[in-house]
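Here is the naming used below: chain letters follow the sequence lines, and residue numbers restart at 1 for every chain. Because only heavy atoms are used, hydrogens play no part in the values below, and waters and symmetry mates are left out as well, while side chains stay in.
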Amino acid sequence: MNHSPPPVQLMWFRDDLRTADNPALTSALSAGPVIAVFILDEDSPGIRPLGGAAKWWLHQGLKSLQASLVELGIPLVLSKGSADEKIPALAKQTKAGAVHWNRRYGQPEREVDTQAKTALRDLGLEAHSYPGTLLHEPWELMTKNETGYKVFTPFYNALRDSTIRPPLPAPAAQDHVTESAIPSGLELEELELLPATMDWTAGLAERWEPGEVPARQRLEEVLESIAEDYPVHHDRPDLDGTSALSPALRWGHLGAHEMWDALGRLAAENPKAAEGATAMRRQLAWRDFCWHLYYHHPHLPERNLRAEFDHFDWAWPEDDPQTAGHVAAWQRGKTGFRLVDAGMQQLWQTGWMHNRVRMVAASLLVKNLQVHWKVGERWFWDTLVDADIACNTANWQWVAGSGADAAPYFRVFNPELQAKKFDPQGSYASRFAPVAAEPIVDLKQSRREALDAYEQMKLRGDAS
DNA sequence: AATAGATTGGT
DNA sequence: CCAATCTAT
């Protein structure tokens, strides 16, 4: 018998920094010895560069992934540049039999992946892509009119009633790949993901432990002690009431299928936690909904989904000094509304903000201050560790009222009332915004002005 | 994934 | 006088 050993398989990691429940990795391992690759791509056109907080998370996440992969005998090669060139080059260099990856759904990313696939095929190499990041491919759930969903509830009902594949088990270790077969890559530090000069990341490091193992630990904690109170506590920023798994889901340390499945089992096994588990599944579905919207509306980050909002007279910080002052105060958590200021401080310090507070803080910016949602979206993009392009832009458009299934414009949060309801003792406020600032707007008046501006927008729209 | 202001109906 | 309910935005 003269069996030649199977060729090396490249596993291209992107937004799926985990070993368990990873279809592309599982498939690669079944085909032959695996070399893993991560490419920091800041060169391909149209891909928005990561924000500062996200880069910090990615740095830690890659370190953690590398450790998990070592356990499996899989080397991780780091690289930087245009992925559609780097991937075929690495495949050629390693004489790989195939390259495996889990799909991405943004238009620029899909173009890169298609070009990589074409380049690989031209070299006579195989490329295999898998669904791994979302519960469903964005084109799988469609309305009866064969269009993408624009409204969350029908989308959720379809998702809930659909079959969602169970998570894949963690893979077994492989024999170590021969050292000489591993292409040389960059050191993690050479990706330059950490701040170059002033290190502002201490608060992030204190709050988070990026990686697959801590993410799974948190999921266990959520199932054991968060889910039961979730229906009441999820709106309470002063309590540990949410899953806080958004960054783990964003970077794929935790697979959405694993979480969906675990919540389903919890609901079946523990009647007291069933309601909370279902509510959490709804949140997970919201993430899929955002990507579904983005896939069917690739201009979501740039354009209002409701075109009538093109006629809204948004304020921009570069256009007038008052708006510049408003935006600066909002960013620094000096608006004078303690719930908002606490949220903005929490964001700045920890790279994350409680979702209830995100809505209130966003509402203040786009409604009371009439600042364009893109200004807030960009700030969140740079400061959130969980920022992803679909959820960030869809949710900002949701608050602004310009989204497909957005909050009606007249839904203006009153930050003082919201604080009374959801931070009743003010402990969240005093934790993150211990010093009260002077309010930068009159709530009553600015609310009226916002509603007037909306009426003006409609008049302008009718006239044109 | 609202709020303000008015109205109602109980004390 | 108040809390609950309705209604417009």
(message) Checking A:Ser27 against A:His128: is there a side-chain donor and acceptor pair closer than 3.5 Å?
(response) no
(message) For the CG atom of A:Leu76 and the CZ atom of A:Phe13, what is their distance to the nearest 0.5 Å?
(response) 7.5 Å
Between the protein and nucleotides 2-4 of chain C, list every N/O to N/O distance that falls short of 3.5 Å.
none

(message) Under the salt bridge (Lys or Arg N to Asp or Glu O under 4.0 Å) test against A:Arg250, which residue among A:Asp16, A:Asp15, A:Asp386 passes?
(response) A:Asp15
(request) Would you kindly give the CD-to-C1' distance between A:Gln445 and B:dT3, to the nearest whole Å? (result) 17 Å
(message) Using a 4.0 Å heavy-atom cut-off, does A:Lys421 contact any base of the nucleic acid, only the sugar-phosphate backbone, or nothing at all?
(response) sugar-phosphate
(message) Quick check against the 3.5 Å criterion: does A:Glu212 have a side-chain atom that pairs as donor or acceptor with the backbone of A:Ala20?
(response) yes
(message) Once you apply a heavy-atom cut-off of 4.0 Å, does A:Asn355 come out as touching a base, just sugar-phosphate, or nothing?
(response) base
(message) Tell me whether A:Asp238 contacts the main-chain N or O of A:Gln425 through its side chain, where contact means a donor paired with an acceptor under 3.5 Å.
(response) no
(message) B:dA1, OP1 or OP2 - any side-chain N/O from A:Gln283 closer than 4.0 Å?
(response) no
(request) Starting from P on C:dT9, measure out to CD on A:Gln456 and report it in whole angstrom. (result) 15 Å
(request) Please report, rounded to the nearest Å, how far the P atom of C:dT9 is from the CG atom of A:Leu443. (result) 21 Å
(message) Pairing donors with acceptors under 3.5 angstrom, does anything connect the side chains of A:Tyr230 and A:Glu275?
(response) no
(request) Check the pair A:Tyr409 / A:Phe312 against ring pair (Phe, Tyr, Trp, His ring centres under 6.0 Å), numbers first and verdict last. (result) CA-CA 12 Å; A:Tyr409 188 83; A:Phe312 196 102; 5.7 Å; yes
(message) Show me, range against range, the stems involving DNA chain B, built from at least 3 consecutive Watson-Crick or G-U pairs below 3.5 Å.
(response) B:2-10 with C:1-9
(message) I need the OH-C1' distance between A:Tyr409 and B:dA1, as an integer number of Å.
(response) 17 Å
(message) Expressed as a whole number of angstroms, how long is the span from A:Trp286:CH2 to B:dA1:C1'?
(response) 7 Å
(message) Can you tell me which residue among A:Phe380, A:Trp379, A:Phe432 is in a ring pair (Phe, Tyr, Trp, His ring centres under 6.0 Å) with A:Trp348?
(response) A:Trp379
(request) Could you go through the ring pair (Phe, Tyr, Trp, His ring centres under 6.0 Å) check for A:Trp396 and A:Trp373 one step at a time? (result) CA-CA 6 Å; A:Trp396 271 95; A:Trp373 60 262; 8.0 Å; no
(message) I need the single residue from A:Phe155, A:Tyr156, A:Trp139, A:Tyr295 that forms a ring pair (Phe, Tyr, Trp, His ring centres under 6.0 Å) with A:Tyr149. Which is it?
(response) A:Phe155
(request) Take the protein atom CG of A:Leu459 and the nucleotide atom C1' of C:dT9, then report the distance between them rounded to whole Å. (result) 14 Å
(message) Rounded to whole Å, please give me the gap between CZ in A:Phe410 and P in B:dA1.
(response) 14 Å
(message) Let's go through A:Asp261 and A:Arg265 carefully: what are the C-alpha distance in whole Å and the side-chain angles of both, what is the deciding distance for salt bridge (charged side-chain N to carboxylate O under 4.0 Å, His left out) to 0.1 Å, and is it a yes or a no?
(response) CA-CA 6 Å; A:Asp261 186 68; A:Arg265 275 183 287 118; 3.2 Å; yes
(message) What is the distance, to the nearest angstrom, from the CG atom on A:Asp452 to the C1' atom on C:dT9?
(response) 10 Å
Any protein N or O atoms within reach of nucleotides 4-7 of chain B? Criterion: under 3.5 Å, listing atom names and distances.
| from | atom 1 | to | atom 2 | distance (Å) |
| --- | --- | --- | --- | --- |
| B:dA4 | OP1 | A:Asn414 | ND2 | 2.8 |

